[in-house]
*Asks:* 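Below you will find the structure I want to go over with you.
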Amino acid sequence: MPRHAPAPGRFAPAFRRPVLAMAAALAAGLLTVATPSASAAATSGNGLCEAGYVGLTYDDGPTPEYTLPLLSALRENGVRATLFNIGEKAEKNPELVAAEKKAGMWIANHSWSHPNLTRLPEEEIESELGRTQDLLEEITGTVTTLFRPPFGSTDATVKGVAESLGMTEIIWDVDTRDWSGRSAEEIVEEAVTVQSGEIILMHDGYPATIEAIPAIVENLRSRDLCPGMISPTTGKAVEPADDPISP
Ligand code: ZN
């Protein structure tokens, strides 16, 4: 689908006079090319996120096989995502976590060893989250403020431990089930059901997930939605801030 061109009524006042002049010129048959307003929208980036923001999230990394291709695909498509990293994988591949950060992604906590946290005593939950928290801060220099429980399995204790460590628990709104052998087309079909403020669950670990990125981004742009950061305050996808993971 073509990129959305803003309607004249949405221009800032400064643009209105040239647009009127352009309309007069067009009416006189003097011009047949694109208006300057269209190029202004393209260069400023304004107008493309008017419908709001959604959160692209990728769990279970970093992985030696897929993290770098995933980052390349995200960057090539001009989008940022939130990456819920597993502590023990981050310990084995700290350079990949650093690459995620350098690529402009938001780094988040997905526990140390990916257990079902609701089956663990509180001290072990604290260890799973706290060790990961410390390691991610050591690698990135930033305190992580978002946490996603493995399998989305949580209860009041898990949520409370996350909060005591300064993290907000984030689940998801749209599950692409990309881990289940789905094709890129099937992942796209699911992902594009996302609405403003909502969060899409995907994983660092499948070629089809990476292959799905351009079509997901194209669909979002056609709907004036932009991938954004997840607010630790509201748990919703919002416009990225200058310091994206500060509360
Ligand atoms: Zn997971």
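Order of appearance sets the numbers: ligands from 1, and atoms from 1 within every ligand. Here, residue 1 is the first one in the sequence, and each next residue gets the next number.
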*Asks:* Decide whether Ile210 and Leu96 are clustered together by the hydrophobic rule: side chain heavy atoms of Ile, Leu, Val, Met, Phe, Trp, Tyr closer than 4.5 Å, transitively.
*Replies:*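 Both belong to a single hydrophobic cluster.
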*Asks:* According to salt bridge (charged side-chain N to carboxylate O under 4.0 Å, His left out), who are the partners of Arg182, at least two apart in sequence or on a separate chain?
*Replies:*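 Partners of Arg182 under the salt bridge (charged side-chain N to carboxylate O under 4.0 Å, His left out) test: Glu190.
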*Asks:* Atom CD1 in Ile107, atom CD in Glu137: separation rounded to 0.5 Å?
*Replies:*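 CD of Glu137 is found 13.0 Å from CD1 of Ile107.
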*Asks:* Does anything in residues 129-157 pair up under ring-ring contact (aromatic ring centres under 6.0 Å, His included), and if so which pairs, sequence neighbours excluded?
*Replies:*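 Counting only pairs at least two positions apart or across chains, the ring-ring contact (aromatic ring centres under 6.0 Å, His included) contacts touching residues 129-157 are His114-Phe151.
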*Asks:* Listed by chain and number, what are the salt bridge (charged side-chain N to carboxylate O under 4.0 Å, His left out) partners of Asp59, not counting sequence neighbours?
*Replies:*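 Asp59 satisfies salt bridge (charged side-chain N to carboxylate O under 4.0 Å, His left out) with Arg148 only.
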*Asks:* Close to the Zn ion (ligand 1), meaning under 2.8 Å, how many protein N, O or S atoms are there?
*Replies:*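 Protein heteroatoms (N, O, S) closer than 2.8 Å to the Zn ion (ligand 1) number 3.
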*Asks:* Could you state whether Leu146 and Ile86 fall into the same hydrophobic cluster, counting links through intermediate Ile, Leu, Val, Met, Phe, Trp or Tyr residues with side-chain heavy atoms under 4.5 angstrom apart?
*Replies:*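 Leu146 and Ile86: separate clusters.
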